[in-house]
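These notes concern the structure reproduced below.
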Amino acid sequence: MTATIIDGKAFAQTVRDGVARDVATLATTHGIKPGLAVVIVGHDPASQVYVRNKVRQTAEAGMNGFHFELPEDTPEAELIAKVNALNADPAVNGILVQLPLPKHIDESAVVGAIAPEKDVDGLHVVNAGLLASSGGGMVPCTPLGCILMLKDTLGNLTGKKALVIGRSILVGKPVAQLLLAENCTVTIAHSRTQDLASEVAAADIVVAAVGIPEMVKGGWIKPGATVIDVGINRVPAPERGEGKTRLVGDVEFATAEARADAITPVPGGVGPMTIACLLKNTVTATCKQNNIDL
Ligand code: NAD
């Protein structure tokens with residue numbers, strides 16, 4: 001058996017097309033143009049690439065993009081003042097502060113300053129609390145992307161045994177909450193889990209969010225399972241030339257592909273979905289703020 005490769009790039013385009021349609025409807029029927037503000041502090045090259053992509057895709061979806069680059073030594077109070085100004089700006093429906101922040105800034109204080117209804121990254125404790133209780137808040141983008149891909153691949157997830165590997169606030173925990181909301185039987189594995197191989201072998205759905213290259217072995221995968229690989233790891237690729245690198249996931253793709261029914265590749269799987277879901281969240285936030293049911 002060779003798995004179906006879940007094409008995150010194509011699916012993200014479908015999500016972005018839907019966002020662009022919703023943005024057009026908001027403009028024609030309500031005279032509203034959603035606005036997304038992205039704030040970056042410092043010069044982390046990876047963050048700069050992400051932010052450039054976010055700004056470009058925001059414009060392509062027909063939304064207003066507000067982009068703020070603050071110097072590396074920006075005091076925490078100044079960043080929070082910026083967030084407060086964006087909270088008060090009616091043209092801004094969504095706010096994203098690019099993480100990680102420089103060491104002298106307390107990330108939780110900054111995320112906590114974002115108005116929960118504008119927290120399109122879904123990381124504010126109010127949104128995390130809503131996800132863990134009644135639902136209805138903003139959902140973190142990468143976890144939302146994982147669930148959309150799973151539902152698109154499998155349809156109804158009810159009753160599936162799902163294993164989430166990783167318990168981070170950014171990915172593992174919210175993915176587990178979302179799978180629970182889809183009526184899966186959810187197990188969360190982490191760095192202290194005793195026998196990861198047997199947990200993987202029992203799972204119909206595996207979501208790997210660890211950050212260790214190819215640590216989930218293909219031979220562990222239950223035949224016919226669906227695998228969502230969130231990990232993005234850069235490893236040396238001497239076969240491409242001296243000093244060259246390539247990206248791999250947390251799952252040993254070549255062997256997992258031979259057992260799974262469907263699997264996301266790295267790159268081109270979960271990665272492209274994250275920004276698409278950020279745009280989708282911005283439309284959701286705009287509609288909620290204006291009491292619009294699209
Ligand atoms: P993190 O470092 O915050 O969390 C890693 C988790 O893995 C921890 O909960 C830890 O308990 C668990 N873990 C560590 N060793 C383990 C082991 N041996 N067995 C089982 N679990 C173990 O990382 P994160 O922010 O959740 O990100 C995870 C990966 O996902 C990274 O590679 C990151 O780059 C990637 N990521 C991708 C996207 C995307 O857009 N595709 C978004 C966010 C994160």
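Atoms within each ligand, like the ligands themselves, are counted from 1 in listed order. If you read the sequence from its start, that first residue is 1, and numbering goes on from there. Keep in mind it's a predicted model, so treat the numbers as computed, not measured.
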Can you find an N or O of Met215 that's nearer than 3.5 Å to an N or O of ligand 1? no
Any heavy atom of Ile165 under 4.0 Å from ligand 1? The part involved is side chain
Here the atoms of ligand 1 under 4.0 Å from any heavy atom belonging to Thr274 are 39 (C), 40 (O)
Short version for Asn233: what comes under 4.0 Å of ligand 1, heavy atoms counted, is side chain
Looking only at non-hydrogen atoms, the one of Gly211, Gly271, Ser168, Pro213 nearest atom 29 (C) of ligand 1 is Gly211
Ligand 1 atoms nearer than 4.0 angstrom to some heavy atom of Gly166 are 6 (C), 7 (O), 9 (O), 12 (C)
- Item | Donor on one side chain, acceptor on other, Gln289 and Thr286, under 3.5 Å | no
When rounded to the nearest 0.5 Å, the distance separating OG1 of Thr282 from CG of Asn64 is 11.5 Å
Looking only at protein heavy atoms, what sits closest to atom 20 (C) of ligand 1 is His190 O, 3.1 Å
Nearest heavy atom to atom 41 (N) of ligand 1, choosing from Ile188, Ile228, Ile212, Ile232, belongs to Ile232
Under 4.0 Å from one or more heavy atoms of Val171, ligand 1 contributes atoms 26 (O), 43 (C), 44 (C)
Margin query: Using a 3.5 Å cut-off on N or O atoms only, is Asp250 in polar contact with ligand 1?
Written below: no
What one should report as the nearest heavy-atom pair of Ile221 and Arg259 is O-NE, 2.7 Å
In terms of its nearest heavy atom to atom 6 (C) of ligand 1, the top option of Gly172, Gly269, Ala209, Cys277 is Ala209
Atom 5 (C) of ligand 1: of Val266, Val210, Ile275, the nearest heavy atom sits on Val210
